[in-house]
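On a predicted model such as this, the values are computed, not experimentally measured, just so you know. Hydrogens, waters and symmetry mates play no part in the numbers below; they use all other heavy atoms, side chains included. Proteins get letters first, then strands, A, B, ... in listed order; numbering begins at 1 in each.
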Amino acid sequence: MRAVVIQFPGSNADFDARDALGRVLGVHTATVFHRETTLPAGTDLVVLPGGFSYGDALRPGAIARTAPVMAAVRRHAERGAFVLGICNGFQILTESKMLPGALTRNAHQRFESRDVSVRVDADGPFTAGLRGRTLRLPVAHAEGRFVADPETLARLDGEGLVALRYVAAEGPLAYNPNGAMRDIAGLYGGPRRNVLGLMPHPERRAEAALGGTDGALLFHAVSRVVASAGRV
Amino acid sequence: MSEAPDPTREATVDEALALKLTRHEFERAVDALGRPPNVTELAVLSVLWSEHCAYKSSKVYLGGLPTSGPRVLYGPGENAGVVDLGDGWAAVLKIESHNHPSFIEPYQGAATGVGGILRDIFTMGARPVALLNALHMGDASRAATANTLRGVVAGIAGYGNAVGVATVGGELSFDPAFDTNPLVNVLAVGVVRHDKLVLGRARGPGNRLIYLGARTGRDGIHGATMASDSFDARQRAARPTVQVGDPFTAKCLIEACLEIFDAGLAVGAQDMGAAGLSSSTVELASRARTGVTLWLDAVPRRALGMSAQEMLLSESQERMLLVARPEDEAAIGAIAARWELAFAVVGEVTDTQEFVVTHTASFEPRDGATRPEAPAVVCALPVSLLTDAAPTYWRPCDAHARREDLWGVDIEALAFEPQTDLVALIGSPELGSRQALWRQFDARVRNGTVVMPGAADAAVLRVFCEDRGARYEKRLALSADSNARVGALDPRLGAALAVAEACRNVACVGARPIAITNCLNYASPIRPAAMTQLRDGIAGLAEACAALGVPVVSGNVSLSNETTLAQGLRAVLPTATVGALGQHRQPSDLVAMGFRTPGDAVFLLGPNDDPRLGGSAWLTRKLGRLGGEPPGLDLAREAALHRVLLAAAERGLLRSAHDVASGGLLVCLAEACIAEGVGLTARLPGSPSAPGLCFGEAPSRAVVSVAPAVEGLVRALADAEGVPMTRLGVAGGARLVVEGLVDLDLDALAAAHHRCLDALFEPPGAPDNRPETSNNQ
């Protein structure tokens, strides 16, 4: 698998994504600056990383949506190739309408940084073989409360596109860290579930030295799909 | 201020007094110049001779700090201290205060405190990797304290999270003395390869001064003077002197600067912090023994009609001044353009040792206007007058600053209820869990945080230092500590205890302390009582650092932390905040604080023979005020404890280690139980019914748990150093049982611990984070 991590001005977890993919998982990983208009030939996975692209001006992801590189990312997704949006990346995907709904201010109005438990609720390339499994992943965001209109929520559940849902865990803190509707933590989209947006940070929980390897499971899954199906 | 009719008009002594210079200082400047300064020069003088920039009350004592050592590459005097980490890499470390601005405007004051300390780190070419903060707030029961704390925490989070540097640790305490003068100290650390270090020197006459970052506005003008002054009832009117932070621009500036430095395009760099352009240019010239000419007409601005003074003194954030060879201008400009930052050549290095400023009052640099060819010289001052010749004072002091009048307390007369007292302490804002803060700080960004905040006595970071195919894993430990209450009873002891605790925390996680940075927060140096606290605090710092063999590599002094109120003067407790940096030899040296394995033997390392309770959380709570005789500090005992902890950790013998600090031994045991949810059955030696042995905060002690099989090995290490090792009990179960004193369910204890800050962070009626699923199913 060949991965690229998009770097917008204000991205800050682009390093984390390169670190997990490149150093920990041994995936060939390159950085693509927001001003590029094409992706490197042979790119299998595009990661839209966490951070505060363009300083969250207007709304998180609202300016990144218009970045030159996003046309190439959209084409990549439209032909069924893999796109993973983490945190701010998820916000960019909803702002780009590559995923439905919106990510709004956390219900408690504060930044929330801690571990959460999420259950894999849908099959797809990033979660192949993981359905039903509960993962422990960190979140760190102020605007992660997923909202959508009732029809969209019904469709997402009906079509099984809710990839990850916050679920009850031990401890004194509310299991849903931001008040997201239907406890939605991650969503599938794209023509063949090739786009995944999620608020938790799998790239920050991909090795034992950082407290666990649950995050690596998502990268391993998509990597296996790439290896078996070949490039799209 | 916006009207500056003639920037070269001769200044008067009254104008000097209005800018907080003394008559004597004004005369000193006139004598040195052989003429009165003009109004622009006076404005520059007033900020560079402020306490904040010139350290004029503290400098005569700071020379007593031990600042050298085999691992110190650069000590105080640079933008930050630099310590060798081995393999050609170094850590860059500094702590700074943003006390005054954080009271005036908590969010922006704290946010720009983060921004300012980060600039000190990346100015030197280092990638910032971690932030810590030390916060001293007022009476926890006051709504105003909650308001300030929420603003400060949100500001630190808002800036630190967005700029992408992990906030990994710190401390928080409360005392009414901080009601009108909260302390916000922020520590940052970065890493750099030795040969990529950039110093703040304007080397090479003919080289260019390059301005990079945000444009210059009217914010923060005379901020350095404000920060050098004490407060009165009108302080909130000073809000315009507080700068406004923009972490997005800061993030772009970090990336651009590190690219520029990595490509070897800068021969020097200095961030624009206090006193902005004037201070940064003067410091660059002073350190290199050169001169600079600054062309204000070229300075990028975000306001119209800015006067020379306003541009010289603006403390607009996220600005950097680079020194570069003329032939590298274009390459730097290209990197600036890539990161969409303001870029301009604003001056040049000269060999005149003068600080010369030119300006055309009528010129607005917009719409591609060509700069005037013959700007006026508005300031021409010898660099040395602004720096080396700045006044320093031996201010009047008292014999000592100990408050022995507060030491006498009848402990016997106080109710001692071990179990009730423990629950109250562990659930108090002073000692409870800091989760309410940690939840707002991104501790994980850059995948380097090895233990989460609060899980070990110090923050532990993993940094991969990579260059040209070589990769070295460095493990750093950091702790920021102070002891303000003991400091109030005995300033020298309080500062020394802060050093002891910071180094002990680092040793408890298994890392060797290698450098100290300090932030001295005191009241007005004009008052002998406060000046004596400062003098004695520095002495305590010096003796503790010398005895523990850890050099001071950087620091900051914040004075005049006091407010004149209708009911009288209110001054902060004298607070020396000490940041200790430690290094692990190897990843496996790491030790966390919580008991882990049922059946492990639990020991107290260190003496348990000093029952003095002065300044302790228990006694302060019982008395409702500060008092009592503080415990002693034997630095040789302290050093011996650290050696035992390190030797045991490096041999892999410790399952946990937690120092006995705020709250004393019972609180220490409770915290070690709560951390991992593993209980303890113990019996205290000696006469445990003495409150001093349960809740006294005597230093040089740590509680460790070890597998029974290695008990003898640990005891041998302790014996070799003469450190007492006392068996307390056995880890395991779901209760904390201390014979005859305490029998508590861990869940109840943990719940009290976790809720301790709820009243401050979750005011009644605030929206909670209940999910809305029920409305939408």
> So which of B:Gln440, B:Lys251, B:Glu255 has the biggest tally of heavy-atom pairs under 4.5 Å with chain A?
Replying inline: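 When all of B:Gln440, B:Lys251, B:Glu255 are compared, B:Gln440 has the most.
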>> Only pairs of heavy atoms separated by less than 4.5 Å count here; which of B:Asp246, B:Thr249, B:Asp442, B:Val165 has the most with chain A?
In response: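 Looking at each of B:Asp246, B:Thr249, B:Asp442, B:Val165 in turn, B:Asp442 comes out on top.
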> Is the A:His34-A:Tyr54 ring centre distance short of 6.0 angstrom?
Replying inline: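 Close enough - the centres of the two rings lie under 6.0 Å apart.
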Heavy-atom distances under 4.5 Å only: say whether [X] touches chain B with side chain, backbone, both or neither.
X: A:Glu170; value: neither
X: A:Arg18; value: neither
X: A:Asp115; value: both

For [X], is it the side chain, the backbone, both or neither that has a heavy atom under 4.5 Å from a heavy atom of chain A?
X: B:Thr449; answer: backbone
X: B:Ala154; answer: neither
X: B:Arg755; answer: neither

> Is the CZ atom of A:Arg155 crowded by more than 12 outside heavy atoms at less than 6.0 Å?
Replying inline: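 Yes.
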> Should the pair A:Phe33 and B:Trp339 be assigned to parallel (<30°), tilted (30 to 60°) or perpendicular (>60°) ring geometry?
Replying inline: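 Judged by the thresholds at 30° and 60°, the geometry between A:Phe33 and B:Trp339 is perpendicular.
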> Would you say A:Tyr166 and A:Met199 make side-chain contact, with heavy atoms under 4.5 Å?
Replying inline: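 A:Tyr166 vs A:Met199: side chains touch.
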> Has the side chain of B:Arg434 got a donor or acceptor atom that lies under 3.5 Å from a matching backbone atom of B:Gly432?
Replying inline: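 Looks like yes, one N/O pair under 3.5 Å.
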> Ignoring hydrogens and geometry, is there a side-chain-to-backbone donor-acceptor pair from A:Asn12 to B:Asn161 under 3.5 Å?
Replying inline: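 Checked: pair present.
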